[in-house]
Asks: 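One structure, as structure tokens, below. Some questions next.
On a predicted model such as this, the values are computed, not experimentally measured, just so you know. One is the number of the first residue; the rest follow in order along the sequence. Reckoned from all heavy atoms, side chains included, excluding hydrogens, waters and symmetry mates.
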Amino acid sequence: MGERMGDDIRNVIEGGTYHGPVLQGREVQYHHHHHAAVKTRAPRQLAPEPDVFVDRHPVFAELERAAAERTVRSTPLIVTLTGLGGMGKTATALRWLHRLRRHFPGGQLQADMSPHGPLAPLDPHSVLQGFVQELGTRADERPAGQAALEAHYRSLTARRPLLVLLDDVVNAGQVRPLLPAHPGSVVVVTSRMPLTALKVRHPSMLGLTLGSLDREASAELFRAVAGEDAVPDVTALESVLAACGGYPLAVRIAAARAGELYGLGEDPAELARELGDHRTRLEALAVDDLSVPQVLEAVHLSLADGPAALYRALGAHPTPEFSRDLVRRLAGNDTDARTLLRERVLEPAGEGRVRMHRLVHDHARSAGTAADEPAVDRLLEWYLRRAAAVERSVSDRWRYGPVFAEPEPEPEADSGVDSGVDSRFADAGEALDAFEPDRANAVAAARLAHDLGRYATAWQLAEALRGFFFRRKYHQDWIEVCELGLKAAGACGDDLALARTHYELAFAHADRGDATDAGTAGRHYREALRLASAAGHARTESSALEGLGLLALREGAAEEAAEHFRQAFRALDGLDHPRGRALLTFHLGRAHAAGRRHQEAAELLLRARRMFAELPGRPDRFNEAKSLWHHARARLRADRPDEALPGLDEAITLITGCGAPKEHADILLDRGDLLATRGGRAEAEADWQAALTLYEQAGSALAAKARERLA
């Protein structure tokens with residue numbers, strides 16, 4: 001039958017059985033091989049277009065742009081679609097190629113380049129033999145040698161543009177012999193790997209990566225496959241889609257299972273319960289021979305030993321997103337991490353971050369064995385050491401945990417890989433910012449350490465994370481980690497560790513300052529004091545007394561607070577603890593200010609500032625700033641505003657870079673108030689606006705005060 005395509009006539013035989021040569025003038029090419037004339041025919045090998053297809057709009061925009069430019073090309077257009085297995089690479093390729101096929105009179109060729117999995121890629125020579133036969137060359141006319149067969153293929157594909165789909169390619173060597181000769185042809189290659197070697201030889205190659213579907217596209221795909229009647233209620237549907245994480249294969253299987261449940265008269269919402277539990281999630285995404293676990297196991301088995309071990313180690317991580325430095329630490333090198341990125345097992349997640357798809361992470365966890373348990377200890381150690389490095393940058397306070405007993409280890413010269421912890425921060429703010437992306441992971445690591453019985457790590461994390469949580473005011477996380485640390489310290493049977501974690505938990509509650517926090521903080525401070533006294537540990541006794549004094553000060557009991565601080569001073573008798581004495585001097589100054597003992601308060605607060613500035617090792621800029629701030633407040637209470645403003649100016653300079661947005665905002669708010677009373681409205685508004693920004697950054701309810709002033 002003849003079919004007109006623009007100005008060209010496509011003469012092909014479709015349907016029925018092909019019985020031999022049919023001569024039609026416009027499509028005859030003669031290839032002199034064994035003196036036989038060979039006719040070139042236009043094959044139609046493309047698999048059917050997917051019946052359900054959603055999204056991929058950015059990918060199609062790139063493909064259409066490339067297709068529009070192909071007429072000016074001197075070589076075929078090569079497109080690689082890469083992504084994890086089950087991400088829809090083949091469906092996307094077929095969807096696009098079926099749109100194009102009427103413009104390609106040379107026909108379409110398609111081959112699965114690894115039908116038995118990536119460990120057994122097809123020899124391109126065997127694929128080439130099939131292609132040549134589809135183009136009209138009988139087996140007995142086919143050139144025998146590889147080079148001759150490739151040349152014959154180029155001759156067959158030189159006259160008219162055609163489409164070629166090479167599916168599941170494992171390496172660039174599979175592609176090169178199968179590239180057609182006509183410059184208007186299009187070759188689409190799907191692969192898990194980026195095929196960098198192909199890009200080297202063909203710089204104009206268009207490489208596109210398929211990632212997860214967004215929520216809207218996932219819902220559209222689910223509804224199309226399941227049928228509207230089988231879609232569960234909104235809550236269950238959201239749970240199912242969240243479990244699938246935009247992974248197209250998972251969404252399709254989940255939708256098919258929902259349809260099956262509905263057909264059996266069962267509630268499709270049952271699927272949400274299966275998918276909500278990571279222990280049953282993967283098994284729920286398997287129907288007959290279509291299975292997410294099988295696809296992911298094939299990926300796992302295709303990895304070399306090093307990347308496979310890293311894959312399982314990352315499965316032990318409590319979340320699917322993590323620092324690239326941690327990956328290096330677990331692998332012992334960067335090569336295995338790059339392999340997992342090339343294989344699309346890992347994907348970039350921002351600067352210095354990588355992630356696994358949720359289902360990939362589930363599979364990696366299930367693939368782990370008892371032999372992989374050291375990976376758990378390595379990742380927990382990494383978080384502990386990283387938190388300790390940040391804690392050291394924030395404060396020189398005394399800590400009990402063994403992780404603080406020795407300096408940070410030097411890089412391991414023999415491996416070239418260090419602990420993954422960079423303790424060389426410019427200042428506290430930089431340290432806190434560096435740790436910010438690992439906040440949720442650190443909390444998850446504390447849970448993991450507790451649940452797996454790594455109790456020493458769990459309680460040390462509570463101590464090591466104190467500075468980060470205190471400066472950034474993540475009270476919910478802080479309290480959870482301290483509660484886990486308290487249970488872990490109890491399980492260790494270490495009374496001093498128990499006293500210290502009672503103290504840390506009390507401090508977290510006291511800093512949050514909700515209605516019930518004061519009572520809870522008081523109970524934990526008193527228990528810390530009891531345990532420390534029994535253990536004869538003066539530092540912890542003093543710290544607990546200090547905490548009780550701060551609670552009394554907050555309640556307006558200035559003299560009671562001052563007495564607690566004096567007792568805390570006495571507990572330090574005979575101890576070399578200059579920082580502790582500086583803090584107690586600061587607190588006693590605040591107590592005197594609250595008791596309207598203005599001159600004594602001013603002297604103590606300025607003395608505390610000098611003590612913080614002269615601490616051995618390095619000054620404590622954060623507490624210097626707080627001392628000056630409270631000195632300014634005391635001067636205002638004494639009706640000496642002229643003596644308050646210079647202190648506020650200097651306090652703001654000192655606290656900048658400390659990574660303490662809430663306290664920074666407190667000082668700005670007070671300076672703005674003072675400037676406003678002196679007629680400096682514009683300057684005051686600038687301070688209030690800056691305070692508002694910092695309060696919002698810290699998630700503080702005090703932002704309302706800044707808004708009131710600006711209004």
Asks: Considering all heavy atoms of both residues, which atom of F222 and which atom of A258 are nearest to each other, and what is their separation?
Replies: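 Distance-wise, the nearest heavy atoms are CZ-CB, 3.7 Å.
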Asks: Should K487 and D451 count as an ion pair when the cut-off is N to O under 4.0 Å?
Replies: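 No salt bridge links K487 with D451.
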Asks: Pick out which of L384, L461, L448, V376 makes a side-chain contact (heavy atoms from CB on, under 4.5 Å) with R454.
Replies: V376
Asks: Could you grab the distance from atom CG of L63 to atom CG of L97, nearest 0.5 Å is fine?
Replies: 8.5 Å
Asks: Under the side chain to side chain contact (heavy atoms under 4.5 Å, CB included) rule, what do R324 and L341 come out as? Steps first, then yes or no, please.
Replies: CA-CA 11 Å; R324 180 71 178 265; L341 282 163; 3.5 Å; yes
Asks: Please find the pair of heavy atoms, one from D336 and one from P307, that lie closest to each other, and give the distance.
Replies: OD1-CD, 3.5 Å
Asks: Please check this pair: side chain of R378 against backbone of L330, looking for a donor-acceptor N/O pair closer than 3.5 Å.
Replies: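 Indeed, once roles are kept as given, a pair shorter than 3.5 Å links the two residues.
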Asks: Take L290 and L249 through the test side chain to side chain contact (heavy atoms under 4.5 Å, CB included) and record every step on the way to the result.
Replies: CA-CA 9 Å; L290 193 60; L249 177 61; 3.8 Å; yes
Asks: What's the verdict on side chain to side chain contact (heavy atoms under 4.5 Å, CB included) for L314 and L346, showing C-alpha distance, side-chain angles and the deciding distance?
Replies: CA-CA 10 Å; L314 292 172; L346 289 177; 4.0 Å; yes
Asks: Treating S291 as the side-chain partner and A286 as the backbone partner, does any N or O pair qualify as donor plus acceptor under 3.5 Å?
Replies: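 Answer holds: no.
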Asks: For the residue pair L94 and P50, what are the closest heavy atoms and their distance?
Replies: CB-CD, 4.0 Å
Asks: Quick check against the 3.5 Å criterion: does S114 have a side-chain atom that pairs as donor or acceptor with the backbone of D168?
Replies: yes
Asks: How about CG on D288, more than 12 heavy atoms from neighbouring residues, nucleotides or ligands closer than 6.0 Å, or not?
Replies: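 Atom CG in D288 is not packed in, count stays at 12 or less.
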Asks: Are L340 and V327 close enough that some pair of their side-chain heavy atoms sits under 4.5 Å apart?
Replies: no
Asks: Given side chain to side chain donor-acceptor pair (under 3.5 Å), test T209 with T82 step by step and report yes or no.
Replies: CA-CA 5 Å; T209 301; T82 58; 3.2 Å; yes
Asks: Any side-chain heavy-atom pair from W478 and R512 closer than 4.5 angstrom?
Replies: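 SC-SC contact between W478 and R512 ruled out.
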Asks: Spell out, as yes or no, whether a donor-acceptor pair under 3.5 Å connects the side chain of Q174 to the backbone of L122.
Replies: yes
Asks: Report yes if some heavy atom in the side chain of P248 is under 4.5 Å from a heavy atom in the side chain of L213; otherwise report no.
Replies: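 P248 reaches L213 side chain to side chain.
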Asks: For R65, is there an ion pair with E62 - N to carboxylate O distance below 4.0 angstrom?
Replies: yes
Asks: Would you call the rings of F468 and Y474 parallel, tilted or perpendicular, taking 30° and 60° as the class edges?
Replies: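 Plane angle between 30° and 60°, so tilted.
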Asks: Quick one, L326 and Y383 - any side-chain contact, counting heavy atoms below 4.5 Å?
Replies: yes
Asks: Is I479 close to H509 at the side-chain level, that is, under 4.5 Å between some pair of heavy atoms?
Replies: yes
Asks: On a heavy-atom basis, which atom in A434 and which in F425 lie closest, and how many Å separate them?
Replies: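 That closest heavy-atom pairing would be CB-CE2, 3.7 Å.
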Asks: Side chain of D267, backbone of E270: donor and acceptor closer than 3.5 Å?
Replies: no
Asks: Please confirm whether the backbone N or O of G211 pairs with a side-chain atom of H357, one donor and one acceptor, at under 3.5 Å?
Replies: no
Asks: Among R355, R439, R358, R353, which residue satisfies the salt bridge (Lys or Arg N to Asp or Glu O under 4.0 Å) criterion with E321?
Replies: R353
Asks: Measure the spacing between NE2 of H361 and CG of L359 and express it to the nearest 0.5 Å.
Replies: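 Separation between the atoms: 11.5 Å.
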Asks: If you measure from the Lys or Arg side-chain nitrogens to the Asp or Glu carboxylate oxygens, is any gap between R215 and E238 under 4.0 Å?
Replies: yes
Asks: Are W96 and E64 packed together at the side-chain level, in the sense that at least one heavy-atom pair is separated by less than 4.5 angstrom?
Replies: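 The answer is yes, as the side chains (C-beta and beyond) meet within the 4.5 Å cut-off.
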Asks: Could you verify whether a donor N or O on one side chain and an acceptor N or O on the other, from H300 and R312, lie under 3.5 Å apart?
Replies: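 Yes, side-chain donor-acceptor contact under 3.5 Å.
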Asks: Centre of F60's six-membered ring, under 6.0 Å away, within 45 degrees of the axis: is that where NZ or CZ of R95 sits?
Replies: no
Asks: What's the separation between atom CG in L163 and atom CG in L46, rounded to the nearest 0.5 Å?
Replies: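 It comes to 6.5 Å.
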Asks: What's the spacing between L84 CG and E343 CD if we round to 0.5 Å?
Replies: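 Result: 9.5 Å between the selected atoms.
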Asks: What I want to check is whether the side chains of R386 and S323 have a donor and an acceptor closer together than 3.5 Å.
Replies: no
Asks: Donor-acceptor check, side chain of H98 to backbone of A47, threshold 3.5 angstrom: yes or no?
Replies: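 Yes; at least one donor-acceptor contact below 3.5 Å.
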Asks: So, does D377 use its side chain to make a donor-acceptor pair with the main chain of L380 at under 3.5 Å?
Replies: no
Asks: Under the criterion side-chain contact (heavy atoms from CB on, under 4.5 Å), which of V299, V354, T339 is the partner of V345?
Replies: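 It is V299, the one option of V299, V354, T339 that forms the side-chain contact (heavy atoms from CB on, under 4.5 Å) with V345.
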Asks: Would one find more than 12 heavy atoms of other residues, nucleotides or ligands at under 6.0 Å from atom CD of E266?
Replies: yes
Asks: I need the E274 CD to E283 CD distance, nearest 0.5 Å.
Replies: 9.5 Å
Asks: Are the side chain of S185 and the backbone of L162 linked by a donor-acceptor contact shorter than 3.5 Å?
Replies: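 Answer holds: yes.
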Asks: Yes or no on side chain to side chain contact (heavy atoms under 4.5 Å, CB included) for V164 and V188, after CA distance, side-chain angles and deciding distance?
Replies: CA-CA 6 Å; V164 180; V188 178; over 6 Å; no
Asks: Indicate the atoms forming the closest heavy-atom contact of V187 with P180, along with that distance.
Replies: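 Minimum heavy-atom contact is CG2-CD, 3.4 Å.
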Asks: Report yes if the side chains of E504 and V481 come closer than 4.5 Å at any heavy-atom pair, otherwise no.
Replies: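 Side-chain contact under 4.5 Å: no.
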Asks: So, D233 side chain and A236 main chain: donor-acceptor pair closer than 3.5 Å or not?
Replies: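 Side chain of D233 to backbone of A236, a donor-acceptor pair under 3.5 Å: yes, one is there.
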Asks: Does this structure show an ion pair linking K89 with D167, if we count only N-O contacts that are shorter than 4.0 Å?
Replies: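 No salt bridge links K89 with D167.
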Asks: Indicate yes or no: at least one non-hydrogen side-chain atom of P318 is less than 4.5 angstrom from one of R447.
Replies: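 Of all side-chain heavy-atom pairs linking R447 with P318, none is under 4.5 Å.
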Asks: If you compare all heavy atoms of A458 against all heavy atoms of A488, which two are closest, and at what distance to 0.1 Å?
Replies: CB-CB, 3.6 Å
Asks: Could you grab the distance from atom CE of M193 to atom CG of L198, nearest 0.5 Å is fine?
Replies: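 Rounded to the nearest 0.5 Å, the CE-CG separation comes to 12.5 Å.
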